[in-house]
Structures are given as structure tokens and as C-alpha cells.
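Read through the structure below, which is laid out as C-alpha cells, and then see the notes.
For ligands, and for the atoms within them, numbers begin at 1 and follow the listed sequence. Computation of the quantities below employed the complete heavy-atom set of this structure, encompassing side-chain atoms and omitting hydrogens, waters and symmetry-equivalent molecules.
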Amino acid sequence: MTELHYLQVERHDSVALVRLNRPKVLNALCMGLMQELAATMGELDADPGVAVIVLTGNDKAFAAGADITEMQDASYAYMLEDGGLTRHCDSISSCEKPVIAAVAGYALGGGCELAMMCDFIIAADNARFGQPEITIGTIPGFGGSQRLTRLVGKSKAMDMCLTGRMMDAAEAERSGLVSRVDTVERYLQVALEAAAAIASFSRPVVSLAKQVVDLALETPLTQGIRSERQMFKSTFALEDQKEGMAAFVEKRPAAFSNR
Ligand code: CO8
């Protein structure tokens with residue numbers, strides 16, 4: 001297991017809770033944090049004891065963006081050659097297990113982009129989302145312009161990226177950026193309960209469900225529907241499909257075996 005300075009990891013049965021932990025700087029995403037996050041996500045994704053991952057910050061900030069102090073003097077040559085922080089992004093978006101972002105407070109710049117790399121976002125009512133890079137002379141670099149536009153549409157994405165304004169939790173829910181909003185006291189519990197619900201289902205079926213929703217963003221409609229149909233049929237090769245449907249008919253809870 002990676003030694004952690006900027007993260008805390010807790011286990012709640014088969015749910016892993018990963019907490020960004022640089023509270024003094026509103027969880028600004030420094031290189032060390034991103035390296036730990038990439039390594040930790042890789043380890044959790046490979047761990048058979050983990051079914052679902054919840055990524056969170058604290059009640060004041062999910063993350064207020066890339067660490068500006070660390071980034072300010074980076075040269076163009078360094079960014080081109082090394083990729084800087086951006087080279088650690090794929091660990092979240094390529095995670096095969098479901099990842100839920102539980103967001104309270106600021107989710108700005110790279111923080112908003114990190115939340116959008118997760119499969120869905122559960123927000124506290126004090127959450128503030130934004131892509132304020134324009135105000136410091138740069139643009140989103142962790143996929144924000146692409147994911148935000150797909151999630152909330154061109155008009156709002158342009159508004160956010162060009163003005164740098166923040167979106168509150170109510171607007172984020174209305175716009176489709178977040179799936180649910182709850183109080184600051186409850187949002188993490190709600191995310192953990194959602195994760196526990198997912199963890200109780202058949203893992204191969206959960207994996208197919210995640211893949212098929214992701215396909216909707218990557219493929220034309222006809223092709224996506226065709227792929228969904230094949231993947232739907234493939235669930236009938238699983239013991240868990242037989243068990244799930246038998247349990248419904250017999251009016252008892254299903255006992256999935258992940259086969
Ligand atoms: N980086 C470094 N330090 C930060 C950051 C940050 N992004 N955000 C906050 N901090 C620090 C502050 O400097 C301050 O430190 P100190 O106490 O030592 O002065 C501490 O956190 C608390 O912050 P504030 O005093 O500013 O708290 P406020 O409540 O007054 O304001 C805000 C909160 C509005 C969130 C404000 O801190 C802010 O505007 N932060 C910056 C937000 C921002 O611009 N984020 C985008 C950064 S760029 C980015 O994310 C690009 C992503 C693509 C990356 C590609 C990389 C290669």
C-alpha cells in the first residue's frame with residue numbers, strides 16, 4: 001500500500017472511502033497528492049475486497065483546484081515533456097469499479113474536473129462548482145471543458161469557463177452536474193449508502209451497467225444501443241441473473257455470487 005501524506009483511506013465493508021486531506025489549502029491538488037491518488041485508485045481498483053470507491057474532501061472543500069503555488073512557474077517545455085499534474089488524471093477515469101464523488105464546499109478548477117471524472121456526484125447544499133482557470137490566465141486541463149459541456153450543455157459550460165463564475169448546488173443539480181443534493185451533515189452518509197447499495201449487487205453486472213452508461217458519451221446512438229443489447233444479452237450467461245430473477249419470483253432477497 002502506498003504511504004499516504006495527502007489522503008486518508010477508510011474501509012466500510014467493501015466500500016473504500018478516499019478523503020483528500022490538505023485542509024489548510026482547501027485540498028489544492030499538488031503533484032504529491034495526485035501521485036498518491038493515482039497509486040491509491042490503482043490499488044483499490046485491483047483489490048478484490050473493494051467493490052465501490054467514494055472520493056471526498058472535507059465540509060469546506062472537495063478541492064479548490066490544482067495547486068497554483070506549485071504550478072505557477074512551470075515552463076511550457078516541462079508541461080509538454082512531463083505532462084505535469086495531467087499525467088495522473090487517468091487513474092480515476094479509467095477505474096473499472098464505480099467511483100462516487102461526495103462533494104461539499106469548493107469544487108473548483110481541477111477539483112471540479114476531478115469530481116466529474118467520477119461516475120456520479122452527490123453534493124452537499126454548500127457545494128460550489130466552477131472552472132475559474134480563466135481568472136488566473138489559463139484554461140481547464142483535466143478534461144473540464146469536455147466533461148462539463150457533455151454534462152450541462154454548451155451554454156452553461158461556456159458561461160462557467162468564460163466568466164469563471166461558480167454554480168451552487170441547486171443549480172448544479174438542476175443542470176445535471178450532480179445526481180443528488182443533501183445537507184452538509186448528511187451528504188457523505190448518502191454517498192456511502194449509495195455505494196453500499198451498489199456493492200450489494202452482482203459485481204459483473206455492476207461493471208456492465210457502468211460500461212454501458214459510459215458508452216452513451218463515447219458512441220453514436222445506434223451503435224450504443226446495439227452494444228447495450230449485446231451486453232444485456234450477456235448478463236443471461238451469469239448465475240447472478242438467474243439468482244436475481246429467481247429471488248424476485250420467490251419473494252426473497254437475492255444472494256449474488258459475482259459469477
Ligand atoms: N492552490 C493553492 N492554494 C490554494 C488554492 C489553490 N488552488 N486554493 C486555495 N488555496 C489556499 C489559499 O492560498 C489559502 O492559503 P493561505 O492560508 O496560506 O493564504 C488557503 O488555501 C485558504 O484559501 P483562501 O484564504 O483563499 O480562502 P477563501 O475562503 O477566502 O477563498 C476560494 C476560497 C474562493 C476557493 C479561493 O481560495 C480561490 O479562489 N482559490 C483558487 C481557485 C482556483 O482558481 N482554482 C483553479 C486552479 S487552476 C486549475 O485547477 C487547473 C486544472 C488543470 C490542471 C492542469 C495542470 C497541469
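When Leu26, Val25, Thr69 are ranked by how near their heavy atoms come to atom 23 (O) of ligand 1, first place goes to Leu26. In this structure, of Cys112, Gly65, Gly110, Pro132, the residue bringing a heavy atom nearest to atom 43 (C) of ligand 1 is Pro132. Summarising the contacts of atom 2 (C) of ligand 1 with Asp67, Ile139, Leu114, the nearest heavy atom is found in Asp67.
Residues Leu188 and Ala102 come closest through the heavy atom pair CD1-CB, 3.9 Å.
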In sequence, state the C-alpha distance, the side-chain angles, and the governing distance for Arg186 and Asp125, and then conclude on salt bridge (Lys or Arg N to Asp or Glu O under 4.0 Å). CA-CA 10 Å; Arg186 276 198 38 83; Asp125 52 15; over 6 Å; no
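At a heavy-atom distance under 4.0 Å, atoms from both the backbone and the side chain of Ala64 approach ligand 1. Only backbone heavy atoms of Lys24 (N, CA, C or O) come within less than 4.0 Å of ligand 1; its side chain stays farther off.
Side chains of Asp59 and Tyr187: a donor-acceptor N/O pair is present below 3.5 angstrom, by distance only. Neither side chain, Glu96 nor Ser207, offers a donor N or O lying under 3.5 Å from an acceptor on the other.
Without hydrogens or angle criteria, Lys242 side chain to Phe236 main chain gives a donor-acceptor distance under 3.5 Å. Judged purely by atom type and a 3.5 angstrom limit, Asp67 has no side-chain atom pairing as donor or acceptor with the backbone of Ala28.
Partners of Tyr76 under the ring pair (Phe, Tyr, Trp, His ring centres under 6.0 Å) rule, at least two apart in sequence or in another chain, do not exist in this structure.
Using a 4.0 Å cut-off to heavy atoms of Ile136, the atoms of ligand 1 that qualify are 47 (C), 48 (S). Listed by number with element, the atoms of ligand 1 under 4.0 angstrom from any heavy atom of Met79 are 57 (C). Ligand-side atoms of ligand 1 in range of Glu113: 52 (C), 53 (C), range being under 4.0 angstrom from any heavy atom.
Residue Gly109 has no nitrogen or oxygen atom sitting less than 3.5 Å from a nitrogen or oxygen atom of ligand 1, judged on distance alone.
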